S.K.: 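Before we start, here is the structure in question, set down as structure tokens.
The figures that follow rest on heavy atoms only: side chains count, while hydrogens, waters and symmetry mates do not. Since the structure is predicted, the reported quantities are computational estimates derived from the model, not experimental observations.
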Amino acid sequence: SFLIASAVGLIAGCVPTYREVANSTPSSTLTFEKGYTVGTGLGRSALQEYWIVEDEACQNPQRAAWFTWANDPAETRRVLADRQVHIVARTKFYEGSGGTSSSQPGATVNISECRSLAQFTPELGRAYSVVHKATPRGSCDLVILNAGTNSPPRDLRVSDPAPCAEDAIP
């Protein structure tokens, strides 16, 4: 777990991060939430990321939020209102076995991953919760709710798995 967390920390500085819209720009907020409860502990770790992309091909990915065992369970970002937003959610679970380090003979790290893509049009001044509910066995469900009504946006479309190319998200 320590090695994985260290690698994640090194990689964190090398990915494009989301640039929020200015406070004066008509906007909505998205609160990205940690969507897993397992995946941490001896020999286990997890990484969950939320990316804002330009389209269904996942072009120009910008990481809006990311979660491990060591950070807060939610992050809020401002997005343009009344303009369609595309969100890719990716959750990876890592589980090691057969040794105390990856350099030992017989040591393995199993990785399971699920990715989803959602698109919808945030309404001016509204707040939305975004959570990728995921389990180590590969099941995932991307849920987006209007925080005021606790219902999904009218035009929400979710694709599972995300239709973008495997290497589209860093």
S.K.: Can a donor-acceptor pair be found, under 3.5 Å and without considering hydrogens, that links the side chain of E49 to the backbone of R63?
M.R.: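 No, because the side chain of E49 does not come within donor-acceptor range (under 3.5 Å) of the backbone of R63.
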S.K.: Taking all heavy atoms of P61 and all of W51, pick out the closest pair and write down the distance.
M.R.: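 Scanning both residues completely, I find the closest heavy atoms to be CB-CE3, 3.7 Å.
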S.K.: Hey, could you give me each pair passing salt bridge (Lys or Arg N to Asp or Glu O under 4.0 Å) that has a residue in residues 142-156? Not counting sequence neighbours.
M.R.: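 The answer is E123-R154.
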S.K.: Under the side-chain contact (heavy atoms from CB on, under 4.5 Å) rule, what do I52 and N60 come out as? Steps first, then yes or no, please.
M.R.: CA-CA 8 Å; I52 294 179; N60 191 26; over 6 Å; no
S.K.: Using a 4.5 Å cut-off on heavy atoms from C-beta on, say whether the side chain of R83 contacts that of V85.
M.R.: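 A side-chain contact is absent here, since even the closest heavy-atom pair is not under 4.5 Å.
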S.K.: Side chains of L30 and I144: does their closest heavy-atom pair fall under 4.5 Å?
M.R.: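 No, side chains not in contact.
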S.K.: So do R77 and Q62 actually touch side chain to side chain, heavy atoms under 4.5 Å?
M.R.: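 Side chain of Q62 against side chain of R77, heavy atoms only: no contact under 4.5 Å found.
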S.K.: Using a 4.5 Å cut-off on heavy atoms from C-beta on, say whether the side chain of V131 contacts that of D141.
M.R.: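 Heavy-atom side-chain distance check fails, nothing below 4.5 Å.
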S.K.: Parallel, tilted or perpendicular for Y50 and H132, by the 30°/60° rule?
M.R.: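 Ring orientation of Y50 relative to H132: perpendicular.
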S.K.: Give me the atom names and distance for the closest heavy-atom approach of F67 to N71.
M.R.: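 Scanning both residues, the minimum pair turns out to be CA-OD1, 3.3 Å.
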S.K.: Is any side-chain heavy atom of C164 closer than 4.5 Å to a side-chain heavy atom of R115?
M.R.: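 Heavy-atom side-chain distance check passes, below 4.5 Å.
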S.K.: Could you tell me the separation between the SG atom of C140 and the CD atom of E113, rounded to the nearest 0.5 Å?
M.R.: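 Here the interatomic distance stands at 9.5 Å.
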S.K.: Hey, what do you get for CZ (F93) to CG (N110), rounding to the nearest 0.5 Å?
M.R.: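 If I round to the nearest 0.5 Å, the distance is 13.5 Å.
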S.K.: According to side chain to side chain contact (heavy atoms under 4.5 Å, CB included), who are the partners of A147, at least two apart in sequence or on a separate chain?
M.R.: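 Listed in chain order: A127.
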S.K.: Which distance, rounded to the nearest 0.5 Å, do you find between the OG of S27 and the CG of D82?
M.R.: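 One gets 10.5 Å once the value is rounded to the nearest 0.5 Å.
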S.K.: Just wondering, do F32 and Q48 contact through their side chains at under 4.5 Å, heavy atoms?
M.R.: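 The answer is no, as the side chains (C-beta and beyond) never meet within the 4.5 Å cut-off.
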S.K.: Taking the basic N atoms (NZ, or NE/NH1/NH2) and the acidic carboxylate oxygens, is any pair closer than 4.0 Å for K133 and E33?
M.R.: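 So K133 does not pair with E33 through a salt bridge.
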S.K.: For the atom pair SG (C58) and CD1 (I169), what is the distance rounded to the nearest 0.5 Å?
M.R.: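 Rounded to the nearest 0.5 Å, the SG-CD1 separation comes out at 5.0 Å.
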S.K.: Of the non-hydrogen atoms in A162 and S116, which two are nearest, and what is the gap between them?
M.R.: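 Heavy-atom minimum between the residues: CB-C, 3.8 Å.
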S.K.: Just grab all the ring-ring contact (aromatic ring centres under 6.0 Å, His included) pairs involving residues 107-131, residues at least two apart or on different chains.
M.R.: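 Matches after skipping sequence neighbours: F120-Y128.
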S.K.: Can you tell me if N146 uses its side chain to pair, donor with acceptor, with the backbone of R126 under 3.5 Å?
M.R.: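 Side chain of N146 to backbone of R126, a donor-acceptor pair under 3.5 Å: no, none is there.
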S.K.: Please report the shortest heavy-atom distance between S151 and T149, naming the atom on each side.
M.R.: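 Looking at all heavy atoms of both residues, the shortest contact is OG-OG1, 2.8 Å.
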S.K.: Search all heavy atoms of A74 against all heavy atoms of T31 and return the closest pair with its distance.
M.R.: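 Closest pair (atom of A74, atom of T31, distance): CB-CG2, 4.0 Å.
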S.K.: In the structure I gave you, are the side-chain heavy atoms of R78 and N23 within less than 4.5 Å of one another anywhere?
M.R.: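 A side-chain contact under 4.5 Å exists here.
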S.K.: Counting N and O atoms only, with roles assigned by atom type, does the side chain of K34 sit under 3.5 Å from a partner on the main chain of T68, one being a donor and the other an acceptor?
M.R.: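 Yes, the answer is positive, given that a donor and an acceptor are paired below the 3.5 Å cut-off.
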